[in-house]
Novice: 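Quick one: the structure is below, and I'll ask about it shortly.
Scope of the values below: all heavy atoms of this structure, side chains included, with no hydrogens, waters or symmetry mates. We count ligands from 1, going down the list as the structure has it; atoms in each ligand are counted the same way. Note that the structure is predicted; figures quoted are calculated from it, not measured.
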Amino acid sequence: MSALSRLTESRLYRQQCLVGGQWIDASDGATIEVDNPASGDIIGNVPSLSEAQLTECIAQADQAFAEWRKTTALERADLLMRWYELMLKHREDIASLMTLEQGKPLVEARGEVDYAASFIRWFAEEARRVYGETIPGAKPGQHIVVTRQPIGVTAAITPWNFPAAMITRKAGAALAAGCPMIVKPASATPFTALALGVLAEEAGIPAGVFNVVTGKASMISEVLTGSETVRKLSFTGSTSVGSQLMAQCAEHVQKVSLELGGNAPFIVFDDADLDRAVEGAMVCKFRNTGQTCVCANRFLVQSGIHDPFVEKLAEAMGKLKLGDGFDEGVTQSALINRAAVKKVQEHFDDALAKGARHVAGASPGEAKGNYVEPVLVTGVTPDMQVCADETFGPLAAVIRFDTEEQAIALANDTPYGLAAYFYSTNIHRVWRVADALEAGIIGINEGAVSNAAAPFGGVKASGLGREGSRHGLDEYTEIKYLCMGGA
Ligand SMILES: O=CCCC(=O)O
């Protein structure tokens, strides 16, 4: 089915880039094909912009900054609120575009539109709270005043797994702070980003303040990080690309926020509420068919509760429905591409070869197209690939442990530290374990942690900085200290 036939408003399906308020093609007409991961069908093309066009986009954003920074917080808040309302108004069309290009079940895509819009609303509200401070002076009559100013032109490089929310979490904060943003969405999922561009224009956000560029990722990142005008880069994606971008940003000392890989442990202690733990495990593991950076990657389950947990988890997994994201009742859909399928299969094969037990679900080796059935393995040990590396797919891997100390050591035995989860009803243990886990986000008796009001981000190789919450705005401002001499 063509993209257009899924939409009620065809103007939301744009195959051009938004640069300085103009919708443009590549100067040489080059394009990139975008496919539907569920069928492999090509759903459209987007421009592959040239270096010169990228440079021009930065200049346009810089020009827009001169005026945008002068707007009042209330003016920016009102524009962002209009953008938020338009996203909700066009929820169904944006969700359809997302399912078409990313594959996720339509119900989840609708949920993502709401989640994405919630960041715009949150930062519209926060725009008015970019407070400074006053500090007693060091000399009689002296005053120290601290203000926060927009950092300048900003850029975002965003991933395919959340084609809307990973943009709005960055752009909401940037625009609220008074900064223009250039967004480079993943080449697999540009149409959602371009639809957000259409709505930003309709909301009245001035030309050049929100730009969407598509093309060759390496060239675009080099131009953005090679520019003295771009003062901040926010990236969500793999740790290897993130650290490379960070090195590139060093040249012009650009500020960076990095939301990188994870390897989330999900610990179930003997004293956990078993049904709640299984419910949380399902939400946490199978959201977006396991393709979420905060998805549980390793289930650590204490011996006393291990067998009933595995039994109930297998039963719950049996109720998942795999299919095309547009089909009714589907909860698990096609993975983004063949490489993603291959990775799940490799982790599964490696685990079995090293002694794990296949408990439920078909082997990923039987995947058809990009469809992998949710699969459960037990008897997992730290030497297996699934413990070292994020699977990013619907493979649930269970490790048995005996003591709290063991669980903490296993959980922290990774270079990553984005999210960690645990289930316990013992308040003393809750505080002990929450303090000991090395992660930026801890779900305690909770499997769904993402929320616009909460600071999202990791420690160790999982990244730098926080998105969402009031802290998300700090990433887009510079502190200025005014030393006011006494009379
Ligand atoms: O996959 C990355 C982000 C997911 C989320 O915001 O919950």
Novice: Below 4.0 Å from any atom of ligand 1, which residues have a heavy atom? Give them in chain and number order, please.
Specialist: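 For ligand 1, the residues that come within the 4.0 Å heavy-atom cutoff are Tyr115, Asn161, Phe162, Met166, Arg169, Glu259, Arg287, Thr292, Cys293, Val294, Ser450, Phe456.
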
Novice: Kindly assign one of parallel, tilted or perpendicular to the pair Phe269 and Phe422, based on the angle between their ring planes and the thresholds 30° and 60°.
Specialist: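 Correct class here is perpendicular.
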
Novice: State which residues pass side chain to side chain contact (heavy atoms under 4.5 Å, CB included) with Asp383; sequence neighbours excluded, sorted by chain then number.
Specialist: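 Asp383 satisfies side chain to side chain contact (heavy atoms under 4.5 Å, CB included) with Lys354, Thr381 once adjacent residues are dropped.
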
Novice: Any pair with a residue in residues 159-184 that passes ring pair (Phe, Tyr, Trp, His ring centres under 6.0 Å), sequence neighbours left out, goes on the list, sorted by first then second residue, please.
Specialist: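 Applying ring pair (Phe, Tyr, Trp, His ring centres under 6.0 Å) to every pair that reaches into residues 159-184, excluding sequence neighbours, yields Trp160-Phe392.
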
Novice: Is the NZ or CZ atom of Arg466 both under 6.0 Å from the centre of the six-membered ring of Phe456 and within 45° of that ring's axis?
Specialist: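 Not flagged: Arg466 not positioned over aromatic ring of Phe456.
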
Novice: Only pairs at least two apart or in different chains count here, so list each side chain to side chain donor-acceptor pair (under 3.5 Å) that has a residue in residues 77-86.
Specialist: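 The answer is Tyr84-Arg121.
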
Novice: Are the ring centres of Tyr13 and Phe191 closer than 6.0 Å?
Specialist: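 Under 6.0 Å, so yes.
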
